[in-house]
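Worksheet: one structure, shown below.
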Amino acid sequence: MTPLRPAVAALVGSLALTLTACSQDHEPEPGPEPGTVTRGIDAASYVEDYEVGAGDSGAMNYSQSQPQSAPGSARSLSEGGGTDPLRIPGPLEDNTFVDEGTSGFVDPREDARSTFALDVDTGSYGVARTLLEQGLRPPAESIRVEEWVNALPVADEAPAGADLAVTSESGMAPSLEDGTQLVRVGVAAREVTAAERPPVHVTLVVDRSGSMDIRERLGLVQSSLALLADRLRDDDTVAVVSFEDQAEPLLPPTPVRDTETILEAVKGLKPGGSTNLEAGLTLGYEQAREHFDPEGLNLVVLCSDGVANVGATGPGSITERIAEEGRDGISLVTVGYGMGNYNDHLMEQLADLGDGFYSYVDSYDEAEELFGTALTTTLTPVAAEARTQVAFDPELVSSYRLVGYDNRQIADEDFADMDVDAGELGAGHHATALYEVRLADGVEPGDVIGTASVRWTSPRDGESQDAGTELTAADPADEASPALALPAAAADLAQLLKRAAPYAERPVTLESLEERVEVLETEGVDGAEELAELVRAAQDAD
């Protein structure tokens with residue numbers, strides 16, 4: 001297959017993670033078990049007690065954040081329709097999504113290999129969950145199917161010795177009635193305990209523009225920062241850079257043991273002004289570089305609604321700096337907040353370029369999961385430039401279709417070229433890919449119909465490594481395991497809501513999907529209850 005984003009791939013093709021593990025003379029202090037409260041900080045109180053600013057629910061601050069006239073800027077509510085600039089946008093208004101398309105079936109006689117960069121983003125799923133819980137159907141262009149699949153728990157066992165392990169399973173495609181099979185390729189990264197991980201140095205780049213005062217966005221950001229202060233180890237450090245019209249250093253790198261100083265910086269975050277995202281990231285990287293720890297984990301974490309309207313605003317305007325810093329060991333994680341005047345596309349693209357991942361936080365529970373447990377553990381790198389190549393036997397497979405990953409595909413010939421930008425997996429990460437496969441006549445259950453290979457660079461020694469597994473034809477009489485049935489249901493819900501060809505005419509409805517998920521829910525499958533709630537919400541959504 002050909003790359004879908006050749007310009008981006010060429011621009012950042014030389015990126016590589018250079019984060020290293022702790023040396024013997026830099027032993028980390030023992031850390032708490034993930035998820036435990038270590039300092040008794042009431043992090044939830046920041047969002048619970050947040051007072052939206054002047055005007056109608058922050059409308060004044062939001063209005064002040066909108067540019068009068070700026071080429072390429074985010075659209076002001078007062079433009080293009082005479083909308084009252086003091087009116088807060090609804091959840092479906094003024095958002096930026098980009099439809100990455102929907103892949104169709106491929107004839108393996110023409111192209112037997114499917115190659116893509118591994119991805120652990122979950123932002124698309126978070127956005128949809130927020131909208132569905134409000135009774136709103138997510139825009140079709142916001143749906144990236146693989147992010148829905150990867151947002152749910154996976155039962156694949158983490159490898160004990162190697163960086164990554166690959167598994168596969170086949171079953172009948174539940175959304176089709178023509179004998180099409182569904183093949184799951186699962187990749188699991190090795191785990192790193194809190195005590196084993198290197199020291200963490202987080203530079204938070206916080207958007208405090210007027211649009212962050214819409215509802216309680218900034219309060220949720222404050223809770224996120226307080227969670228870091230509560231859960232990190234004493235020897236970890238936190239720095240805070242804030243930005244609106246300009247960027248300013250709010251807190252220099254501070255050991256987490258100095259909790260009160262960090263919390264004072266959290267309290268000092270006040271909204272107002274425009275959104276100079278470029279200035280914020282530039283200053284954030286300067287802070288992170290100045291205090292770079294070659295034996296630690298160095299992160300820049302952008303907390304924003306992504307609506308850049310001052311300075312250069314497109315992803316390409318800051319790509320060179322992001323690429324350079326990623327090459328030199330500073331990863332970028334983007335965390336999105338708030339629907340209505342939100343730029344999903346920018347946040348997703350920046351994370352891809354910065355060797356990190358993109359998440360969307362819509363509640364305190366989600367903030368606690370990300371900032372309280374997942375961020376520092378899963379960002380410990382175990383596989384850089386990770387990519388998967390699935391090869392189908394054209395004698396046994398008449399056609400196949402990769403479900404999702406439409407903006408992550410790379411050229412087949414670049415699979416072995418580790419200078420080509422791909423994906424990054426941290427400790428404990430799981431990535432899943434689903435293929436719909438139509439078999440040739442005469443194929444028997446258990447026949448090997450293809451192979452799945454994963455290739456990556458190990459941060460431990462800088463050497464490229466690989467792993468793989470065979471793909472086999474399913475027995476139509478066998479029932480799919482929960483490890484296949486749950487991601488299949490998540491993918492079907494995403495595609496059903498997207499309603500793009502070739503999915504639009506399939507014999508699947510929200511009602512039939514609800515029945516499938518309720519079976520998994522009754523069986524106690526982890527993640528099924530949440531998915532069932534989303535299916536029910538989708539039935540009631542406008």
Side-chain angles (χ1 to χ4, degrees), residues 34-35 41-50 52 58 91 95-97 120-134 136 138 142 144 147-148 150-152 202-209 211-232 238 240 242 266 269 271 275 277 280 299-307 331-348 350-351 354 356-379 426 429 530 533-534:
I41 298 172
D42 185 8
S45 65
Y46 289 91
V47 65
E48 291 171 353
D49 300 339
Y50 185 76
V52 179
N95 300 311
T96 302
F97 302 108
V120 293
D121 290 352
T122 59
S124 173
Y125 177 82
V127 166
R129 181 187 56 225
T130 295
L131 294 173
L132 287 171
E133 288 176 350
Q134 298 178 52
L136 301 170
S142 74
R144 294 181 293 275
E147 296 185 22
W148 292 52
N150 287 323
L152 297 175
V202 181
T203 301
L204 292 143
V205 178
V206 179
D207 182 352
R208 60 181 185 89
S209 62
S211 62
M212 290 297 289
D213 202 30
I214 297 176
R215 292 172 278 275
E216 295 81 23
R217 294 181 187 181
L218 193 57
L220 195 51
V221 172
Q222 290 175 310
S223 286
S224 301
L225 272 59
L227 281 163
L228 284 178
D230 195 49
R231 309 294 173 86
L232 291 178
V238 172
V240 180
S242 67
V266 172
L269 291 169
T275 313
L277 178 62
L299 306 175
V300 170
V301 180
L302 172 65
C303 300
S304 175
D305 57 21
V307 183
S331 298
L332 175 65
V333 176
T334 62
V335 185
Y337 297 82
M339 279 291 100
N341 198 47
Y342 178 75
N343 194 329
D344 165 86
H345 179 61
L346 180 63
M347 298 294 279
E348 190 259 345
L350 291 178
F357 63 75
Y358 161 46
S359 288
Y360 180 83
V361 169
D362 59 352
S363 67
Y364 177 76
D365 287 344
E366 291 299 317
E368 185 172 35
E369 181 176 342
L370 178 61
F371 288 90
T373 62
L375 183 66
T376 55
T377 300
T378 61
L379 255 293
H429 270 156
E530 178 178 328
E533 291 175 354
L534 289 187

Where do L346 and T96 land on the side chain to side chain contact (heavy atoms under 4.5 Å, CB included) test, with the steps shown first? CA-CA 8 Å; L346 180 63; T96 302; over 6 Å; no

The test is side chain to side chain contact (heavy atoms under 4.5 Å, CB included); show your working for S224 and L370 and say whether it passes. CA-CA 8 Å; S224 301; L370 178 61; over 6 Å; no

Output, in order, the C-alpha distance, side-chain angles, deciding distance and verdict of side chain to side chain contact (heavy atoms under 4.5 Å, CB included) for V333 and F357. CA-CA 5 Å; V333 176; F357 63 75; 4.1 Å; yes

Side chain to side chain contact (heavy atoms under 4.5 Å, CB included) between V120 and N150: does it pass, once the steps are laid out? CA-CA 6 Å; V120 293; N150 287 323; 5.6 Å; no

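Pairing each heavy atom of S209 with each of T275, the nearest pair is OG-OG1, 2.9 Å. Of all heavy-atom pairs spanning N343 and G306, the tightest one is CB-O, 3.1 Å. Minimum interatomic distance between D42 and S45 (heavy atoms only, all atoms of both residues): O-OG, 2.7 Å. Closest non-hydrogen pair, D213 versus Y50, comes out as OD1-OH, 2.6 Å. The two residues G372 and L227 have their closest heavy-atom pair at N-CB, 4.5 Å. P138 and L132 make their closest contact through CD-CD2, 3.7 Å (heavy atoms, listed as atom of the first residue, atom of the second, distance).
Considering only heavy atoms from C-beta on, I214 stays 4.5 Å or farther from D305 through its side chain. Looking only at side-chain heavy atoms (C-beta outward), P91 and T130 stay at 4.5 Å or farther from each other.
With sequence neighbours excluded, no residue forms a ring-ring contact (aromatic ring centres under 6.0 Å, His included) with Y46. With sequence neighbours excluded, no residue forms a salt bridge (charged side-chain N to carboxylate O under 4.0 Å, His left out) with D207. By the side chain to side chain contact (heavy atoms under 4.5 Å, CB included) test, N95 is found to be paired with F97, M339, Y342, residues two or more places apart in sequence or in another chain being considered.
Separating the CD atom in E147 from the CD atom in E348 is a distance of 6.0 Å, to the nearest 0.5 Å. Summarising the geometry, atom CG belonging to D362 is positioned 6.0 Å from atom CD belonging to E133; distances are rounded to the nearest 0.5 Å. Atom CD of E216 and atom OG of S223 lie 10.5 Å apart (nearest 0.5 Å). In this structure, the separation between OH on Y364 and CG on L220 is 10.0 Å, given to the nearest 0.5 Å. Note that OG of S359 is 9.5 Å distant from OH of Y337, once rounded to the nearest 0.5 Å. If you take CZ on F371 and SG on C303, they are separated by 4.0 Å, rounding to the nearest 0.5 Å.
Just one residue in the list L302, V301, V221 forms a side chain to side chain contact (heavy atoms under 4.5 Å, CB included) with V335, and that residue is V301.
With hydrogens and angles left out, the side-chain atoms of D344 and Y358 include a donor and acceptor closer than 3.5 Å.
Although no hydrogens or angles enter the test, the distance criterion places a donor-acceptor pair under 3.5 Å between the side chain of S363 and the main chain of E366.
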